[in-house]
Amino acid sequence: ALIWYMGVVKAIVFLVLCRAAAAADKPNIVFILADDLGYNELGYVNDTRGIQTPNIDSLAQSGIQLTNYYVNPICSPTRSALHTGRYTHRLGTQSNVIYWDTPWGISLKETFLPEVLQSSGYKTAMFGKWHLGMLNDSYTPMGRGYETHHGYYQGCESAFTHVAACCSADPELDPNQKEYVCPHKAGTKDYRGYDWWSNQQPNASQAVNETKSVYLIRDLAVNYVNEANEADPFFLYLPFQNIHGPYECDVKYYNMYPKDKFTDSERVLFGYITELDDAVGHVVQSLKDANLFDNTIIIFSSDNGAPNYGKQSIDADYTRRNYPYRGVKTQIWEGGTHVPGFVASPLLPKDRQQTTYDGLFHITDWLPTIATGIAGSSNIPSELDGHNQWDALLSNSASPRSEMVYGLSPICESKGGAGAQAALPSAGIRVGDWKLLAYCVHIRGVYNGTDYMTSTQILSKPGDKEFGNGPALFNVKTDPSETTNVAAANPDIVKDLTQRLFTQAERSVNPMVWVSPFQGPDYFCANCSLHPSTGPDKPWGPWL
């Protein structure tokens with residue numbers, strides 16, 4: 001018995017040592033996600049606008065810039081695709097973000113990226129914005145594979161007071177902005193609530209409250225790096241609030257943009273971007289100081305194109321924010337989906353550093369690229385829509401992806417809580433350089449917020465110059481700004497892409513909406529209660 005016991009002990013020790021040795025060979029991974037950052041808002045993309053982003057520029061220019069990189073046009077959809085490796089029409093996030101009080105989250109049947117990485121020996125941490133569901137703790141970051149989480153659950157909040165709401169003091173540089181709380185609009189539900197959480201517990205300590213979210217995320221990341229064990233690889237996810245509204249800029253960054261050269265709104269917006277850049281610089285420096293930088297891969301992305309709301313729509317000329325692309329946040333035109341992205345690391349082959357990758361790359365590709373390509377995991381979910389792009393990135397070979405879905409929302413009308421944030425046109429697919437856009441689609445067997453559809457078909461918009469006679473077709477290589485619809489001249493291509501779109505549509509689940517039954521009558525929480533109003537001083541957290 002003693003011999004058997006000693007044999008078991010040796011076997012366990014051997015397995016632990018093997019896992020530790022394997023883990024030691026794996027690189028650390030830092031994924032930085034900017035919020036609402038347009039294609040034309042970083043210095044390395046366009047240095048003529050005067051936006052100061054030296055730290056992000058340095059990373060991008062040292063690594064591999066993704067020139068053909070796409071995300072979804074709004075927040076929860078992109079974050080859900082990132083974490084699952086699946087298109088949003090297979091998840092329920094194809095039409096909307098998750099609203100303040102909606103009892104819904106990404107299905108617990110889905111395996112999230114940090115869960116995959118944990119099984120490969122990675123430590124996992126997240127500091128920042130979630131927006132993937134919080135009806136109960138199982139849907140929050142620590143229920144989805146993050147061992148540590150500090151941040152907020154909702155889509156936006158006051159940067160200093162951490163009250164969940166999308167507004168800002170006016171003027172933005174009011175000296176009392178640290179105490180500013182969005183007012184409640186009479187006659188509407190009060191969605192305000194305190195929204196900063198530390199490992200599933202509300203944290204309103206003095207060190208947190210009245211400290212801007214960008215500084216909290218920065219310092220949490222730096223401390224995490226400083227305390228990291230070199231033997232344990234980590235995945236550090238940093239979804240910053242910058243540059244989502246409310247637009248609030250620290251005065252020192254505001255003053256970096258002289259008033260004789262920039263409008264007041266540009267000074268706020270550009271300062272807000274530089275504030276993000278400075279935080280990224282601190283994180284990178286902490287990796288270097290901890291001697292971890294040489295074994296770390298840094299990935300940068302925006303979650304969607306820049307929006308057209310707020311003062312920036314007038315003073316900062318929002319059309320320049322996504323230039324040269326047409327469209328804005330919520331839209332599947334290029335401006336809402338084609339964003340900056342790059343990979344940077346000393347681990348990249350020397351001949352691939354300071355280069356570009358022109359292959360088609362979609363946000364769903366990160367899960368297999370990170371889990372299999374970088375971390376070496378074979379334990380990834382099946383039937384992914386994402387492709388492992390790591391070998392293609394390192395060798396600059398052809399992308400494994402030739403087709404990409406921009407969006408597939410079946411909700412064609414604004415119906416209040418049963419409507420869609422995803423703008424029209426609501427469906428699109430790309431094959432090679434060809435992009436097909438449909439004004440809207442009905443999908444057989446899919447609930448569109450009010451009814452189940454009996455057939456799959458593309459809907460036109462009578463009288464519209466682009467969608468009056470069916471879908472529109474663009475060649476995004478020769479016409480990246482999508483100025484010329486060439487559908488009439490290419491009927492065979494329209495037919496082929498339409499059939500491909502229908503094939504994808506047949507894989508759709510019901511879209512999530514903000515009113516009962518939330519995701520069709522068969523949704524398990526169809527009769528669950530909305531989150532009750534709490535007022536701005538009480539936590540707005542899990543309630544079911």
Measure the shortest side-chain to side-chain distance between Thr67 and Tyr357 over non-hydrogen atoms and say whether it is less than 4.5 angstrom. no
Side chains of Asp278 and Tyr253, heavy atoms from C-beta outward: is any pair under 4.5 Å? yes
Is there a donor in the side chain of Asn46 and an acceptor in the side chain of Asn40, or the other way round, less than 3.5 Å apart? yes
Is the side chain of Ser460 donor-acceptor paired with the backbone N or O of Gly470 at a distance under 3.5 Å, no angle test? yes
Distance col, row Phe502:CZ vs Leu497:CG, nearest 0.5 angstrom, shows 11.5 Å
Asn469 atom CG, neighbour heavy-atom count above 12 within 6.0 Å: no
Going by an N to O cut-off under 4.0 Å, is there a salt bridge joining Asp35 and Arg79? yes
Distance check, rounded to the nearest 0.5 Å: Ser481 atom OG versus Asn322 atom CG? 11.5 Å
Working to the nearest 0.5 angstrom, can you tell me the gap between Leu367 CG and Leu384 CG? 6.0 Å
Check: Tyr87 main-chain N/O paired with Asp385 side-chain donor or acceptor under 3.5 Å: yes
Examine distances only and state if a side-chain atom of Ser508 and a backbone atom of Ala505 form a donor-acceptor pair shorter than 3.5 Å. yes
Charged N-O contact under 4.0 Å between Arg430 and Glu403: no
Do Glu275 and Asn242 get their side chains close enough for a donor-acceptor pair, meaning under 3.5 Å? yes
Just wondering, do Leu408 and Leu501 contact through their side chains at under 4.5 Å, heavy atoms? yes
So, applying side-chain contact (heavy atoms from CB on, under 4.5 Å) with Thr503, which one of Glu506, Gln499, Arg500, Arg507 is it? Gln499
Can you find a side-chain donor-acceptor pair between Tyr247 and Ser265 that sits under 3.5 Å? no
Measure from the side-chain N and O atoms of Ser301 to the backbone N and O of Leu33, and report whether any donor-acceptor pair falls under 3.5 Å. no
Of Asn28, Leu347, Leu393, Ile29, the residue whose pairing with Ile374 passes side-chain contact (heavy atoms from CB on, under 4.5 Å): Ile29
Plane angle bin for Tyr523 and Trp104 - parallel if under 30°, tilted between 30 and 60°, otherwise perpendicular: tilted
Between Asp57 and Thr53, does any side-chain donor sit less than 3.5 Å from a side-chain acceptor? yes
Measure the shortest side-chain to side-chain distance between Tyr139 and Leu108 over non-hydrogen atoms and say whether it is less than 4.5 angstrom. yes
Under 4.5 Å between any side-chain heavy atoms of Asn55 and Val284, yes or no? no
Does either side chain, that of Gln389 or that of Asp365, offer a donor lying less than 3.5 Å from an acceptor on the other one? yes
Salt bridge (Lys or Arg N to Asp or Glu O under 4.0 Å) contacts touching residues 107-117 (sequence neighbours left out): Arg86-Glu110
Output the distance between atom OG1 (Thr372) and atom NE2 (His387), rounded to the nearest 0.5 Å. 13.0 Å
What is the distance from atom CD1 of Ile363 to atom OG1 of Thr88, rounded to the nearest 0.5 Å? 11.5 Å
Would you please say whether a donor-acceptor pair under 3.5 Å links the side chains of Ser426 and Ser409? no
Show the nearest heavy-atom pair for residues Tyr39 and His338, with the distance to one decimal. CB-O, 3.6 Å
Cut-off 3.5 Å, side chains only: do Glu334 and Tyr70 have a donor facing an acceptor? yes
Counting the benzene-type ring for Trp, do Tyr69 and His362 have ring centres under 6.0 Å apart? no
Between Ile443 and Met453, is there a side-chain heavy-atom distance shorter than 4.5 Å? no
Counting N and O atoms only, with roles assigned by atom type, does the side chain of Thr84 sit under 3.5 Å from a partner on the main chain of Ser80, one being a donor and the other an acceptor? yes
When you compare the side chains of His89 and Gln504, does any donor N or O come within less than 3.5 Å of an acceptor on the partner? yes
So do the side chains of Arg401 and Thr364 get within less than 4.5 Å of each other, counting heavy atoms only? yes
For Leu37, is there any backbone N or O sitting under 3.5 Å from a side-chain donor or acceptor partner on Ser302? yes
is_close_aromatic(Trp100, Tyr153), centroid dist under 6.0 Å: no
Is the centre of the His83 ring less than 6.0 Å from the centre of the Tyr237 ring? yes
Does any N or O in the side chain of Gln241 come within less than 3.5 Å of the main-chain N or O of Pro246, such that one atom is a donor and the other an acceptor? no
Examine Trp434 together with Phe474 and report whether their ring centres are nearer than 6.0 Å. no
Is there a side-chain contact between Glu482 and Leu437 (heavy atoms, below 4.5 Å)? yes
Taking all non-hydrogen atoms of both residues, which atom of Thr78 and which atom of Asn72 are closest, and how far apart? OG1-N, 2.9 Å
Using a 6.0 Å distance limit plus a 45 degree cone around the ring axis, check whether Arg267 lies over the aromatic ring of Tyr254. yes
Do side-chain atoms of Thr274 reach the backbone of Gln52 as a donor and acceptor pair under 3.5 angstrom? yes
Taking the six-membered ring for Trp and the full ring for Phe, Tyr or His, determine whether the centres of Tyr122 and Phe235 are under 6.0 Å apart. no
Within 45° cone and under 6.0 Å: Lys435 NZ/CZ vs Tyr406 ring: yes
What is the distance from atom NE2 of His442 to atom CG of Asn448, rounded to the nearest 0.5 Å? 5.5 Å
